[in-house]
2 protein chains.
Amino acid sequence: MDVLRAIKLLKEEGYKYTDKRKHMLQLFADEKRYLSAREVQEFLKTNFPGLSFDTIYRNLSIFVDLGILEETELDGEKKFRYTCPSGKHHHHLICLKCGKTKEIDACPMEKVTTDLSEFQITGHKFEIYGYCSQCTA
Amino acid sequence: MDVLRAIKLLKEEGYKYTDKRKHMLQLFADEKRYLSAREVQEFLKTNFPGLSFDTIYRNLSIFVDLGILEETELDGEKKFRYTCPSGKHHHHLICLKCGKTKEIDACPMEKVTTDLSEFQITGHKFEIYGYCSQCTA
DNA sequence: ACAATAAATAGTAATAATTACGATTTATAT
DNA sequence: ATATAAATCGTAATTATTACTATTTATTGT
């Protein structure tokens, strides 16, 4: 996923291409790590001092729907990052301080031998947590 | 973990054995599934109409510290369940509606081949989500 | 059993993340 | 350039969680 493709997706789905959306997309493309709504506000407040959370959350939600962003929840907070370029299903090793990630190759679902048939499965989550070298230094 | 052992642990660590704690422990022992703070309040409100969230959360936190309860976070909400009797490290298949669980045998950490050395690992989470037979019927 | 004491609790307020809403502004198509 | 529907702002509402103070209560030693 790159910014040009994200813009294309937005327009194809009938969403307007606004300055705020442009900057949000660029921010995630630049940072390539999990960010909270508050962090988005902080990054963009020099350009958009009055940027409201309504706008931030609505756009984050649209970006997730379009597959532009991936979402997770860390410590009770929603976090978002640019979808990894590989495109295929994957999981993450995540720095709890800065949101930096590393892709984990295998998906544990393939190895599960437990009988899951009693449940109608809708999804799963596998994340490894820690602190990256910058954040422990 | 059974209620008697939980009570023993509480006393050993210098906590008082109160009626509210007794009922909370019994509730989790009976239900054997993930419950939210609000659900705890609802279950106990006939016996304790004025039971405050301060009390509920403080006790939940103590129980987690003592290993009596396990904690997770689903959809932005903290959920708690009685620690599984097996005692060893495990993961869960979880019903998103009622909190019922099934233990998953394998831990995916054993199979990870990705190099994790760039991070100082502190933990991981593996959960499978779905709806149990009662909740889909 | 009784009194002393330190912890637990109720009632309520504060905090924090997220969602919602009416009025206004703006991107886009014509 | 204009019409129009979507996007945004400013702010309020909502929800889960945590915090605070006065009061109550479980425990301990006598």
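Computed from heavy atoms alone, side chains included, the values below leave out hydrogens, waters and symmetry copies. Letters go in sequence order (proteins before strands), and every chain restarts at 1.
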Heavy-atom neighbours of A:Asp75 CG exceed 12 at 6.0 Å: no
CZ of A:Arg58: more than 12 outside heavy atoms within 6.0 angstrom? yes
Fit a plane to each ring of B:Tyr57 and B:Phe53, take the angle between them on a 0 to 90° scale, and name the class: parallel (under 30°), tilted (30 to 60°) or perpendicular (over 60°). tilted
Please state how far atom [atom1] in [X] lies from atom [atom2] in [N], giving the value in whole angstrom units.
X: A:Lys20; N: C:dA27; atom1: NZ; atom2: C1'; result: 12 Å
X: A:Glu73; N: D:dT17; atom1: CD; atom2: P; result: 10 Å
X: B:Lys45; N: C:dA10; atom1: NZ; atom2: P; result: 15 Å
X: A:Asp75; N: C:dT18; atom1: CG; atom2: C1'; result: 16 Å
X: A:Leu10; N: D:dA6; atom1: CG; atom2: C1'; result: 13 Å
X: A:Asn47; N: D:dC9; atom1: CG; atom2: C1'; result: 17 Å
X: A:Gln41; N: D:dT8; atom1: CD; atom2: P; result: 15 Å
X: B:Tyr57; N: C:dG11; atom1: OH; atom2: P; result: 18 Å

Given protein heavy atoms under 4.0 Å, the one-letter contact record of nucleotides 25-30 of chain D, with B base, S sugar-phosphate only and - none, is simply BBS---
Reading nucleotides 10-15 of chain D 5' to 3', which nucleotides get B (base under 4.0 Å from a protein heavy atom), which S (sugar-phosphate only), which -? B-----
N or O in side chain of A:Thr55 less than 4.0 angstrom from D:dC9 OP1/OP2: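 So the side-chain polar atoms of A:Thr55 do come within 4.0 Å of the phosphate oxygens OP1 or OP2 of D:dC9, strictly under.
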Whether A:Arg58 contacts D:dA7 is assessed here as follows: a side-chain N or O lying under 4.0 Å from the phosphate OP1 or OP2. Is that the case? no
Using a strict 4.0 Å threshold on nitrogen-to-oxygen distance, state whether A:Lys11 and A:Glu13 make a salt bridge.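 Result for this pair is no, no salt bridge flagged.
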Are B:Lys102 and A:Glu118 close enough for a salt bridge, meaning some N to O gap below 4.0 Å?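 Answer for the salt bridge query: yes.
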Can you confirm whether [X] sits close enough to [Y] that some side-chain heavy atom of one is under 4.5 Å from a side-chain heavy atom of the other?
X: A:Cys107; Y: A:His89; result: yes
X: B:Lys100; Y: B:Tyr34; result: no
X: A:His92; Y: A:Phe126; result: no
X: B:Leu69; Y: B:Phe28; result: yes

